[in-house]
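Because the structure is a prediction, the values reported are computed rather than measured.
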Amino acid sequence: MKNITRFEATQLLQRLIGQDLRKLADERNITVFKNGKFNKGWAGLTLEKVLGIGNNCIQASNGDFWELKLVPLVKKNGIWKVKETMAITMINPDDVLEKPFEKSHLCDKMKKMIICGRERLNDKESSSKLLYVNSFDLLTTNFWKQIKEDYELVQQTIKMEGFDALTGSMGRYIQPRTKGLGHGSNTRAFYARVPFVETILGIREVE
DNA sequence: CTATGATCATCC
DNA sequence: GGATGATCATAG
């Protein structure tokens, strides 16, 4: 597996803007549909394959950790809007309970990320151009204070009421919500709410 | 089974 | 029509 710095990755991705990710996925044998089922992560996996990196964050030679994220965009009244919230990382109750925000997995991932936006045309994903590429460093912004509060709310809730008391209605920028295999699993993950995703993508002004 | 890549489906 | 809960494919 090849190491690549965030800078190099950003350069590469920006050169891909305007390209159809569906074609890239086909060229690289990424499953999009299989037996009538949809692989929801296809576009993200395609980008990772194009960069030649593993299936999540990688460590570059200089010890620089970063995270790649991709969100679908839909055009509304002539402007691009984020279609979905963005899943960031799983919530491991024991881990969250013992770690302060600064040492959390959530904070780690948000410290250095590359966030991309792609065109989401229709259910068939007949074509999907890469639209935006931006980098985001949580600690260089003012968002970390609120996000730390969101994290601590989750922490407190698990502590006082238990893991099952978490609901997606909690959190201002980051919400705890179910994510997993489904069919009875009740695992959860941290998700970035839509307005926040639009801000870090760079398609919305900071409030 | 857990975590990765996320988006689908349903409820209000 | 947006927010919350449920789910898909794949790797290790």
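Contacts of I158(A) classified as side-chain contact (heavy atoms from CB on, under 4.5 Å), with partners at least two apart in sequence or in another chain: I91(A), P93(A), V96(A), L97(A), V154(A), F163(A), L166(A). Under the side chain to side chain donor-acceptor pair (under 3.5 Å) criterion, R118(A) pairs with E125(A), S128(A), not counting sequence neighbours. The side chain to side chain donor-acceptor pair (under 3.5 Å) check on N134(A) picks up nothing, with sequence neighbours excluded. Residues forming a ring pair (Phe, Tyr, Trp, His ring centres under 6.0 Å) with F33(A) (at least two apart in sequence, or on another chain): F38(A). Partners of M86(A) under the side-chain contact (heavy atoms from CB on, under 4.5 Å) rule, at least two apart in sequence or in another chain, are K69(A), V71(A), I88(A), M113(A), I115(A), A192(A), V197(A), I200(A).
The CG atom of N186(A) sits 13 Å away from the C1' atom of dT2(B) (whole-angstrom rounding). H105(A) places its NE2 atom 16 Å from the P atom of dT2(B), with the value rounded to the nearest Å. Atom CZ in F33(A) sits about 21 Å away from atom P in dG5(B), given to the nearest Å. The distance between atom CG of L70(A) and atom P of dT4(B), rounded to the nearest whole Å, is 16 Å. Look at CG on D108(A): it is 15 Å from P on dA3(B), rounded to the nearest Å. Summarising the geometry, the separation between CZ on F163(A) and P on dT2(B) is reported as 10 Å, rounded to the nearest angstrom. Rounding to whole angstrom units, CG of residue L21(A) and P of dG5(B) are separated by 16 Å. Rounding to whole angstrom units, CG of residue L51(A) and P of dG5(B) are separated by 13 Å.
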Show me the side-chain donor-acceptor pairs of residues 23-32 of chain A shorter than 3.5 Å, one per line, residues at least two apart or across chains.
none

Going by atom type alone, with no hydrogens or angles, which donor-acceptor pairs under 3.5 Å involve a side-chain atom of residues 99-107 of chain A and a protein atom two or more places apart or on another chain?
unit_1	atom_1	unit_2	atom_2	d
K99(A)	NZ	D95(A)	OD1	2.9
E102(A)	OE2	K148(A)	NZ	2.8
S104(A)	OG	F101(A)	O	2.7
S104(A)	OG	C107(A)	N	3.0
H105(A)	ND1	T89(A)	OG1	3.4

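Distance alone, capped at 3.5 Å, is enough to place a donor-acceptor pair between the N39(A) side chain and the G41(A) backbone.
For residues 155-167 of chain A, the pairs satisfying side-chain hydrogen bond (donor to acceptor under 3.5 Å, both in side chains) are D164(A)-N186(A), T167(A)-S169(A), with sequence neighbours left out. Evaluation of the salt bridge (charged side-chain N to carboxylate O under 4.0 Å, His left out) test over residues 71-84 of chain A, restricted to residues two or more places apart or in two chains, returns K81(A)-E198(A).
Taking every heavy atom of residues 112-126 of chain A and every atom of DNA chain B, pairs under 4.0 Å involve R118(A), R120(A), by number.
Two residues, A43(A) and N92(A), neighbour DNA chain B, and the one matched to the more 5' nucleotide by heavy-atom proximity is N92(A).
With contacts defined as side-chain heavy-atom distances shorter than 4.5 Å, the pair I174(A)/F196(A) qualifies.
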Heavy atoms under 4.0 Å is the rule here; annotate nucleotides 1-7 of chain C 5' to 3' with B where the base is hit, S where only the sugar-phosphate is, and - elsewhere.
-> -S-BBBB
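The residue G44(A) sits close only to the backbone: its heavy atoms come under 4.0 Å of sugar-phosphate atoms, none of a base.
Rounded to 10 degrees, the angle between the two end axes of the helix from dC1(B)-dG12(C) to dC12(B)-dG1(C) is 30°, with five pairs used at each end.
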